[in-house]
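For reference, the structure is listed below as structure tokens.
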Amino acid sequence: MNNLLEKLNDMQQKAVTTTDGPLLVLAGAGSGKTRVLTHRIAYLIEKNNVAPWNILAITFTNKAAKEMAERVESLIGEAAQDMWVRTFHSACVKILRRDIDRIGYNRSFNIIDADDQKSLVKECLKELRFEEKEFPPKAIMSEISSAKDKLLTPAEYKAEFYTDFRKGQIARIYELYQKKLEVSNDLDFDDLIMLTVRLFKEAPDVLTYYQNKFRYILVDEYQDTNKAQNELIIMLAKEHRNLCVVGDDDQSIYKFRGADITNILDFEKAFSDACVIRLEQNYRSTQNILDAANNVIKNNSGRKGKRLWTDQGSGQKINVYKAEGDYDEAEFIADKMNQLSRDGYKYSDMAVLYRANASSRSLEDVFMRKALPYRVLSGLRFYDRKEIRDMIAYLRLVKNPHDDLSFRRIINTPSRKIGKVTLDNLSAVATRENTSLLETIKNHLGEFSDNLCQFYNLIAELIEDAEKLSIDNLVESIYEKTRYRAFLETDEKAQERMENVGELISGAASYVETSENPSFEEYMDNLALVSDIDNYDEEIDAAVLMTMHSSKGLEFPVVFICGFDEGLFPSSMSMFNPEEVEEERRLCYVSITRARQLLYITCAYRRMVYGKTSPYNPSRFLDEIPASILDVTDSRKNVTEYTIPQAKASTYTPESSLFGFSSQPSPPKTSGEVFKTGDSVIHKKFGRGIIISASPVGNDVHYEIAFESVGTKNLLGLYAKLTKDE
DNA sequence: CTCAGCTAGATTTTT
DNA sequence: TCTAGCTGAG
């Protein structure tokens with residue numbers, strides 16, 4: 001039993017064994033937070049004999065939930081399966097699917113995403129005759145969302161802001177938006193939380209049931225909770241008060257999405273008897289890296305206060321490179337990476353972090369040219385891709401024929417020659433008869449154009465399919481019968497899109513395979529709530545490019561933070577507002593603490609932004625790191641023997657002279673084998689396939705491969721890790 | 001209804 | 001500079 005505690009330091013042990021009563025664990029970056037959470041759960045079950053079904057563990061991401069469940073299971077075995085380890089949203093869906101009828105909703109509600117929200121807002125604006133210029137849908141969406149985060153109903157929102165004319169207008173939009181959601185039985189993400197809170201308030205017996213069920217509650221990333229989520233947790237914990245929240249106020253970087261840092265700062269006000277434990281020993285980074293982070297973050301006010309330390313030595317200094325321009329900056333990073341690769345690092349040990357996605361451009365240009373293996377953790381997620389959203393819209397319409405949002409989305413995709421005029425007529429009739437668009441066609445078969453009737457027949461056929469086919473076959477059937485595949489095939493550039501649909505189908509197949517009791521509804525819930533199929537395959541040896549935000553929770557032996565300039569970071573959008581600068585500073589703290597061994601920070605004297613080149617100055621955050629732990633290289637010093645070319649920054653590579661290694665790409669890494677057309681090969685992820693074509697590209701080979709399961713894909717030999725199929 | 005051509009706007013995004 | 005999204009001509 002004690003071996004559960006063996007590998008934990010004193011503070012971690014205390015966090016694990018303080019099982020009863022409210023507990024706030026302030027867990028600094030890299031301080032073993034996940035270890036504490038999982039061991040605490042194991043301790044509760046094994047040592048305190050708490051039943052697994054009496055435990056609720058809440059995370060923000062599916063990935064974190066999955067990881068936590070797996071790690072607990074490896075500690076205590078299958079008993080772990082009876083716990084609730086869920087994201088806020090999926091826990092709420094589960095609660096609502098059981099009891100939402102108690103507050104007048106239908107239990108078979110649909111979950112809509114940001115894209116649908118936007119269409120819905122646009123519809124509302126149109127109906128209210130508001131101009132999109134004056135009320136940008138995006139801004140309205142975030143206003144509605146933040147109202148819901150604060151648990152404000154349209155009426156309460158109206159009452160709170162009755163003096164503000166504009167907000168009064170927005171209240172009308174919000175009101176209509178909410179009405180439309182109710183009519184079509186849709187919930188948006190914020191509703192999932194807000195309505196659960198409402199359910200608990202209006203149906204006290206439901207609340208009591210869950211209060212008694214969840215005798216022990218754990219919340220991860222507590223600094224990211226919004227007001228509604230906090231309220232939800234506090235309500236649930238009220239009875240037994242065994243609430244353990246884990247977080248780091250210094251890592252709160254999602255204010256723009258509603259995260260309320262005061263939840264964690266005021267936890268001790270909400271629970272005056274709360275025990276507070278700080279985890280400050282860091283197991284990830286060198287002391288120099290931690291000192292950099294500590295010195296930056298100490299400039300923020302209103303912190304809980306923490307100072308990270310390690311017993312693993314000071315390590316190298318922080319390397320700073322002041323580049324001439326953005327391409328020079330990218331080349332410096334690429335050349336350093338190649339050098340480190342020769343020194344024995346893998347490319348996958350290295351990450352480049354930037355403030356905004358747009359910054360990946362110059363990096364990608366240079367990396368591509370130098371044939372440096374890299375991957376971008378893109379801004380666009382799998383389920384946000386148009387083709388995927390279209391397929392999902394068909395699925396949703398099949399599941400719920402009254403889903404007008406989905407209807408509108410795909411009525412003319414692929415083109416069925418049904419345009420605005422037809423649609424306006426149809427929707428006028430639908431409004432008059434107070435029914436959905438598809439239902440309206442059904443009720444007037446023959447009266448509308450052939451195109452509409454054909455569409456109705458198509459959906460009717462698919463609904464029949466849904467009853468007899470497994471989900472993956474249903475998706476395939478939709479793909480074929482809607483002629484979506486044919487539609488993509490006409491477009492040469494749609495190769496990737498077809499691959500994406502292929503992934504959707506194989507994802508559905510694996511859901512059917514792995515789920516104990518596959519159901520259409522559960523599959524659709526997963527689609528709505530699972531942000532991304534885990535396409536971050538760590539096996540591939542490639543450097544990773546991503547935003548600072550998406551780096552949270554990850555770690556790399558080598559980290560490059562680029563664009564360390566005033567106006568980029570802190571961003572020009574926030575640099576004049578002290579509160580927002582503090583959030584940027586937290587982002588800086590998060591970024592620095594991703595690094596284990598080596599940290600490189602780069603800035604540039606001038607950059608091209610929005611097509612214009614202008615001068616830049618190093619970020620204020622650079623000044624906050626003590627000079628004694630910096631190792632600065634300046635492209636404008638030390639290179640006096642060279643004249644600095646004024647115009648062509650992209651051809652300027654001072655580092656080749658500075659660091660004594662060439663800017664040539666590293667020698668080609670052999671992929672082991674070269675294949676020829678007709679060869680049968682095995683790919684780790686895609687399975688067996690036949691080489692259709694092989695053409696040399698630089699020092700690599702480009703293959704077109706027909707896979708048995710996922711269709712034809714284009715792959716590069718260096719990354720594909722193909723093996724011969726004997 | 002469709003598509004070419006133009007204009008305005010351009011952080012970060014766990015669900 | 002890039003691109004999403006709108007507008008108007010065919």
Side-chain angles (χ1 to χ4, degrees), chain A residues 58-67 86-93 111-115 117-118 122 132-133 136-139 141-142 145 148-149 187-193 220-221 223-226 228-229 251-259 326 353-362 365 377-381 383-384 386 411-424 449 451 525-532 546-554 563 567-575 577 580 583-584 586-588 590-591 607-613:
Chain A
I58 290 284
T59 64
F60 274 86
T61 64
N62 295 294
K63 196 176 159 217
K66 199 175 146 209
E67 191 185 323
R86 287 175 170 262
T87 63
F88 270 105
H89 296 267
S90 95
C92 288
V93 169
I111 303 161
I112 68 161
D113 62 25
D115 218 59
Q117 286 183 57
K118 199 168 158 197
K122 282 187 174 175
E132 284 194 18
K133 278 221 173 81
K138 242 177 116 184
M141 270 170 68
S142 73
S145 174
K148 290 186 177 183
D149 286 350
L187 305 190
D188 65 22
F189 285 133
D190 304 307
D191 283 335
L192 295 176
I193 315 288
D220 192 13
E221 304 283 13
Q223 75 284 349
D224 290 337
T225 50
N226 60 36
Q229 290 162 335
Q251 291 189 65
S252 169
I253 55 173
Y254 284 110
K255 185 179 174 198
F256 69 96
R257 282 190 49 209
D326 36 10
L353 313 183
Y354 36 76
R355 179 63 239 265
N357 283 308
S359 302
S360 73
R361 200 195 168 75
S362 53
D365 282 354
L377 243 56
S378 85
L380 191 60
R381 292 170 310 163
Y383 290 105
D384 288 339
K386 186 183 177 304
I411 178 68
N412 205 32
T413 314
S415 167
R416 300 185 179 87
K417 306 200 189 309
I418 298 166
K420 194 174 173 304
V421 181
T422 316
L423 216 51
D424 281 351
S449 72
N451 291 335
D525 276 354
N526 288 345
L527 275 189
L529 296 177
V530 172
S531 72
D532 221 335
M546 71 183 106
T547 63
M548 296 173 175
H549 280 89
S550 38
S551 75
K552 200 176 99 178
L554 303 176
L568 283 189
F569 186 48
S571 145
S572 54
M573 313 286 285
S574 16
M575 61 193 287
N577 175 328
E580 290 179 28
E583 177 120 335
E584 299 276 303
R586 290 192 286 271
L587 191 53
C588 185
V590 167
S591 306
R607 300 180 174 274
M608 177 121 89
V609 176
Y610 301 146
K612 266 206 166 116
T613 301

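Just so we're on the same page: letters track the sequence lines, and every chain starts at 1.
- Of the candidate nucleotides B:dT11, B:dT13, C:dC6, C:dC6 has the atom nearest to the side chain of A:K122.
- As judged by a 4.0 angstrom heavy-atom cut-off over every strand, A:V421 is placed among residues touching the sugar-phosphate backbone only.
- OP1 and OP2 of B:dC1 both lie 4.0 Å or more from every side-chain N or O belonging to A:N451.
- Taken from CE in A:M575 to CD in A:E584, the straight-line distance is 10.0 Å, to the nearest 0.5 Å.
- Whole-Å rounding puts the A:F569 CZ to B:dT11 P distance at 16 Å.
- A:M546 is listed as a side-chain neighbour of A:L353, based on a closest heavy-atom distance under 4.5 Å.
- Place A:K133 and A:T61 on DNA chain B by their nearest nucleotides, and A:K133 ends up nearer the 5' end.
- Distance NZ (A:K66) to P (B:dT14): 17 Å, rounded to an integer number of Å.
- Checking B:dT11, B:dT13, B:dT14 against every side-chain atom of A:D224, the shortest atom distance belongs to B:dT14.
- Using a 4.0 Å heavy-atom distance criterion, A:T59 is classed as making no nucleic acid contact.
- As a whole-Å value, the separation of A:M573 CE from B:dG9 C1' is 10 Å.
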task = Would you please test A:I58 and A:Q229 for side-chain contact (heavy atoms from CB on, under 4.5 Å) and show each step?
result = CA-CA 10 Å; A:I58 290 284; A:Q229 290 162 335; over 6 Å; no
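- Here A:R361 reaches the OP1 or OP2 of C:dC2: one of its side-chain N or O atoms lies under 4.0 Å away.
- A pairwise comparison of heavy atoms in A:E583 and A:S252 identifies OE1-O, 3.6 Å as the closest pair.
- In terms of phosphate contacts, A:K255 brings no side-chain nitrogen or oxygen within less than 4.0 Å of OP1 or OP2 of B:dT14.
- Separating the CG atom of A:D149 from the P atom of B:dT13 is a distance of 17 Å, rounded to the nearest angstrom.
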So which protein nitrogen or oxygen atoms get under 3.5 Å of nucleotides 2-5 of chain B's nitrogens or oxygens?
unit_1, atom_1, unit_2, atom_2, d
B:dT2, OP1, A:S415, OG, 2.2
B:dT2, OP2, A:N412, ND2, 2.8

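- One atom, NZ of A:K138, and another, C1' of C:dA4, lie 11 Å apart when rounded to the nearest Å.
- Using a 4.0 Å heavy-atom cutoff across all strands shown, A:K420 reaches sugar-phosphate atoms only and no base atom.
- Residue-level contact check: A:S571 touches the bases, meaning some heavy atom is under 4.0 Å from a base atom.
- Whole-Å rounding puts the A:E583 CD to B:dT12 C1' distance at 9 Å.
- Look at CD1 on A:I193: it is 15 Å from P on B:dT14, rounded to the nearest Å.
- The CZ-P distance, from A:F88 to B:dT14, rounds to 17 Å in whole Å.
- For the pair A:L568/A:R355, no side-chain contact is recorded, criterion being any heavy-atom separation below 4.5 Å from C-beta on.
- Listed pair A:K118 / C:dG5 meets the phosphate criterion, a side-chain N or O lying under 4.0 Å from OP1 or OP2.
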request  = Before giving the answer on side-chain contact (heavy atoms from CB on, under 4.5 Å), spell out for A:Q117 and A:I112 the whole-Å C-alpha distance, their side-chain angles and the decisive distance to 0.1 Å.
outcome  = CA-CA 7 Å; A:Q117 286 183 57; A:I112 68 161; 3.9 Å; yes
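- Ranking C:dC6, B:dC1, B:dT13 by closeness to the A:R257 side chain, first place goes to B:dT13.
- A:Y354 pairs by the ring pair (Phe, Tyr, Trp, His ring centres under 6.0 Å) definition with nothing, not counting sequence neighbours.
- Residue A:F256 and nucleotide B:dT12 are classified as a stacked aromatic pair, their ring centres being separated by less than 5.5 Å at an interplanar angle below 30°.
- If you check every strand for non-hydrogen atoms under 4.0 Å, A:Q229 touches nothing.
- Classified by interplanar angle (parallel below 30°, tilted 30° to 60°, perpendicular above 60°), the ring pair A:F256/A:H549 is perpendicular.
- Straight-line distance between the C1' atoms of C:dG5 and B:dT12: roughly 23 Å, to the nearest whole Å.
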